[in-house]
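For ligands, and for the atoms within them, numbers begin at 1 and follow the listed sequence. Numbering of residues begins at 1 and proceeds along the displayed sequence.
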Amino acid sequence: METENWKQWREFFAARSERRLPGLDDPQDYSALPKSLARSLAVFQLGESGGGSIVQQAAGSTIPAAGPDYASAMRLFVAEEHRHAAILAICVRNLGGTLIHQHWTARLFVRARRLLGLRLKVMVLLAAEVVGICYYHLLATRLPAGRLRSLLAQVVNDERSHLHFHCSFLRSQVTTGWRRRVFVATWRAAMFVAAGIVLLDHRHALRDMGLSPSTVWRRWTAYSRLAERLVCRTPVPVDADLALLREPDVPRRVLHEVSASTV
Ligand SMILES: [Fe+2]
Ligand SMILES: [Fe+2]
């Protein structure tokens, strides 16, 4: 997909918008899984529920690279995030957990985005994509085969598209050497803060699912560097993000299955 080709992105998201939600009930027994997993997914579920204001901001933006197709693509992107919220709500329910309606990280995320212009807001969304891709993927690799794992893999697949969508926009804005330097410094700081918050807030689920902070941190760092290279036009192999998902840190037994389902 070419940079700034928002019509293609709009059509891409529109084609996916017809997907039906999975059914509510899952016959699998998840009682052996830790309670902290349901709580952790409930926090992510809340995070996936917001994002409406960026649609208006994209529609009203005077940035030349934005336009009606970009605004339409953004609206479909937000709808896809809301679909993730619905999927995660099903996962939380099947894990025996409870949905939440308020959380300090969600409030912080919303407040931070309200203060920002479109460019910085997209960068914050990109940080959320990197966090989500790695977190959902690593959790999926620790789950038994079944619907919960395949639903998380499906969400990872969507988040990979979102990462490229946001990188396309930011690439159109980072056109000079000094802009690249400002982006890299701001991006690394944003990722550091986002990753630190998630490591702290989700430490119980990470521990209970057998994921060490260093494993998660390493994965976030690799993915954030990939996003940085995509924005700064540093050549990267095709499907480098998929290759990252296939890297170690996951048990060999489930590696193939999860990677295959995220293609
Ligand atoms: Fe999402
Ligand atoms: Fe996303």
Side-chain angles (χ1 to χ4, degrees), residues 1 6 9-10 12-17 19-22 37 40-55 57-58 70-92 99-100 103 105-106 108-110 112-113 116 118 120-140 148-171 187 190-191 194-195 197-198 201-202 205 216 219-220 223-224 226-227 230-231 241-242 244-245 258 261-263:
M1 188 125 13
W6 305 129
W9 274 110
R10 174 172 59 77
F12 175 80
F13 286 132
R16 289 207 308 207
S17 67
R19 290 177 296 177
R20 294 172 59 163
L21 277 172
L37 174 63
S40 177
L41 289 179
V43 173
F44 272 85
Q45 192 276 337
L46 185 62
E48 299 270 13
S49 312
S53 67
I54 198 167
V55 177
Q57 205 163 356
Y70 181 65
S72 298
M74 186 63 88
R75 182 177 54 75
L76 290 160
F77 151 76
V78 170
E80 205 162 272
E81 295 293 20
H82 290 169
R83 184 173 185 274
H84 293 173
I87 289 175
L88 290 179
I90 293 170
C91 295
V92 171
L99 293 180
I100 58 172
H103 191 262
T105 55
L108 185 72
F109 190 53
V110 169
R113 286 191 311 173
L116 304 174
L118 182 62
L120 278 171
K121 205 175 258 193
V122 171
M123 195 180 70
V124 171
L125 285 174
L126 179 61
E129 304 296 353
V130 169
V131 165
I133 289 170
C134 300
Y135 192 63
Y136 297 140
H137 176 73
L138 287 171
L139 285 181
L148 185 56
R149 189 160 93 186
S150 69
L151 285 178
L152 285 184
Q154 191 187 117
V155 173
V156 169
N157 189 38
D158 289 357
E159 308 295 25
R160 288 178 56 233
S161 321
H162 299 173
L163 179 136
H164 286 278
F165 175 57
H166 298 321
C167 284
S168 291
F169 176 76
L170 292 169
R171 189 162 52 235
W187 166 244
M191 262 314 299
I197 288 173
V198 175
D201 193 43
H202 296 260
V216 186
R219 185 51 58 108
W220 278 331
Y223 242 96
S224 75
L226 170 70
L230 287 168
V231 172
D241 55 337
L242 194 58
L244 269 178
L245 290 180
V258 173
S261 60
T262 47
V263 176

| said: Angle between ring planes, F77 versus H162, binned at 30° and 60°: parallel, tilted or perpendicular? | reply: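 F77 and H162: perpendicular rings.
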**OP:** Over all heavy atoms of both residues, which pair between E48 and H82 is shortest? Give the atoms and the distance, please.
**Re:**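 The answer is O-CD2, 3.4 Å.
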### Message
Quick one, R160 and Y223 - any side-chain contact, counting heavy atoms below 4.5 Å?
### Response
yes
**Request:** Given ring pair (Phe, Tyr, Trp, His ring centres under 6.0 Å), test F165 with F12 step by step and report yes or no.
**Result:** CA-CA 10 Å; F165 175 57; F12 175 80; 9.3 Å; no
Is a donor on one side and an acceptor on the other found under 3.5 Å between the side chain of S17 and the backbone of A14?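 A pair under 3.5 Å: yes.
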task = Step through it carefully: locate the ring centre of F44, locate the ring centre of H84, and say whether they are under 6.0 Å apart.
result =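 Between H84 and F44, which both carry aromatic rings, the centre distance is not below 6.0 Å.
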Listing protein N, O or S under 2.8 Å around the Fe ion (ligand 2) gives E81 OE2, E129 OE1, E129 OE2, E159 OE1, H162 ND1
